[in-house]
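Okay, structure first, notes after.
Counting starts at 1 for both ligands and their atoms, following the listed order. Computed from a predicted structure; not experimentally measured.
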Amino acid sequence: MKKILFISGSLRKESLNTDLLHQAAKSFDGFECSFLDYGDLPLLDQDLEFPPPASLVRIRQEVADSDALFIASPEYNRSYSAALKNLLDWLSRPVAPGAYSSVVIKGKLVAVCSVAGSSGGSYSMEKLASLLETLSCKLVAERTSIALGERFGKPSLALTDDEASALGCECEAVKSMLADV
Ligand SMILES: Cc1cc2nc3c(=O)[nH]c(=O)nc-3n(C[C@H](O)[C@H](O)[C@H](O)COP(=O)(O)O)c2cc1C
């Protein structure tokens, strides 16, 4: 069974980005879906790399075991979250000094989406896509953008028909790219 690892750029308990990922997961019938918990990852410090922190060992394994990552991030000041940047920086590092072929995120299929304010995460998704390209990830072209408007501050995310359809298209694109692998 193919595995999708969902990653929210928001650590907030009532995160609407996490909510969006849970709605996306419903489209992946017949796939193994899991959600990455990385709140215990320390800030990247090269003094901590070898031996790696226990949280990083677990997270690397979860990423290595997945066939695709599905990332949703809020937009903070026109970029993606610092928590997500920290995670991706850790994932860009080798498991042993100089062992760059062991970089776990390299070549991974990644889908990106965002729930944000008026921009709908367009700026942050652009920057995130650029970072993922730098990490040699394979990007899904479809992106779901949700501009909250009056839904700001709500405990859950009600999608419009157009948003639900965009999310559905992105999920289908992931499935078809995985079928080609
Ligand atoms: C520090 C901060 C900066 C923000 N900057 C932007 C921004 O530049 N563009 C935007 O559209 N929304 C911005 N927002 C709104 C968040 O993207 C929005 O609240 C998002 O839904 C939070 O995600 P979450 O519900 O998953 O935690 C900002 C919010 C915070 C807290």
Side-chain angles (χ1 to χ4, degrees), residues 3-28 31-45 55-56 58-60 62-63 66 68-92 105 108-135 137 139-174:
K3 294 183 181 174
I4 314 288
L5 183 60
F6 291 88
I7 302 176
S8 176
S10 173
L11 303 177
R12 211 164 68 81
K13 270 196 235 87
E14 287 192 338
S15 161
L16 299 177
N17 281 279
T18 307
D19 187 328
L20 182 67
L21 291 179
H22 280 281
Q23 297 191 44
K26 290 184 187 145
S27 295
F28 287 93
F31 288 74
E32 193 179 314
C33 294
S34 54
F35 289 78
L36 187 69
D37 186 357
Y38 64 98
D40 54 350
L41 194 58
L43 280 179
L44 191 134
D45 173 346
S55 53
L56 179 63
R58 171 185 58 77
I59 288 165
R60 265 195 187 130
E62 287 187 56
V63 171
S66 68
L69 307 180
F70 207 120
I71 301 178
S73 180
E75 182 162 292
Y76 294 152
N77 299 310
R78 298 206 164 176
S79 189
Y80 46 86
S81 72
L84 181 60
K85 176 71 162 67
N86 185 53
L87 169 69
L88 294 170
D89 284 342
W90 272 117
L91 291 174
S92 74
I105 198 164
K108 197 65 77 180
L109 178 64
V110 186
V112 164
C113 57
S114 179
V115 180
S118 54
S119 80
S122 54
Y123 300 103
S124 56
M125 285 194 286
E126 223 25 69
K127 288 177 180 161
L128 180 56
S130 163
L131 169 62
L132 293 165
E133 270 162 14
T134 302
L135 302 182
C137 293
L139 280 173
V140 175
E142 287 75 1
R143 292 180 198 165
T144 307
S145 162
I146 312 286
L148 279 172
E150 288 176 1
R151 291 168 292 183
F152 244 113
K154 294 263 161 61
S156 62
L157 181 65
L159 296 179
T160 64
D161 288 348
D162 284 352
E163 291 165 348
S165 147
L167 185 63
C169 286
E170 185 169 1
C171 294
E172 288 310 311
V174 172

Taking only distance into account, with no hydrogens and no angle test, what donor-acceptor pairs under 3.5 Å do side-chain atoms of residues 157-168 form with protein atoms, sequence neighbours excluded?
{"unit_1": "T160", "atom_1": "OG1", "unit_2": "E163", "atom_2": "N", "d": "3.1"}
{"unit_1": "T160", "atom_1": "OG1", "unit_2": "E163", "atom_2": "OE1", "d": "3.4"}
{"unit_1": "E163", "atom_1": "OE1", "unit_2": "R151", "atom_2": "NH1", "d": "2.8"}
{"unit_1": "E163", "atom_1": "OE1", "unit_2": "T160", "atom_2": "N", "d": "2.9"}
{"unit_1": "E163", "atom_1": "OE2", "unit_2": "R151", "atom_2": "NH2", "d": "2.8"}

> Is the backbone N or O of P155 less than 3.5 Å from a side-chain atom of E14, with the two atoms forming a donor-acceptor pair by type?
Replying inline: no

> Considering the options L20, T144, D19, which one meets the side chain to side chain contact (heavy atoms under 4.5 Å, CB included) requirement together with V115?
Replying inline: L20

>> Distance under 4.0 Å, heavy atoms only, partner ligand 1: which residues pass?
In response: S10, R12, S15, L16, N17, P74, E75, Y76, N77, R78, V115, A116, G117, S118, S119, L148, F152

> Looking at CG of D89 and CG of L41, how far apart are the two atoms once the value is rounded to the nearest 0.5 Å?
Replying inline: 10.0 Å

> Is the F35 ring parallel, tilted or perpendicular to the H22 ring (thresholds 30°, 60°)?
Replying inline: parallel

> When you look at OH of Y76, are more than 12 heavy atoms from neighbouring residues, nucleotides or ligands closer to it than 6.0 Å?
Replying inline: yes

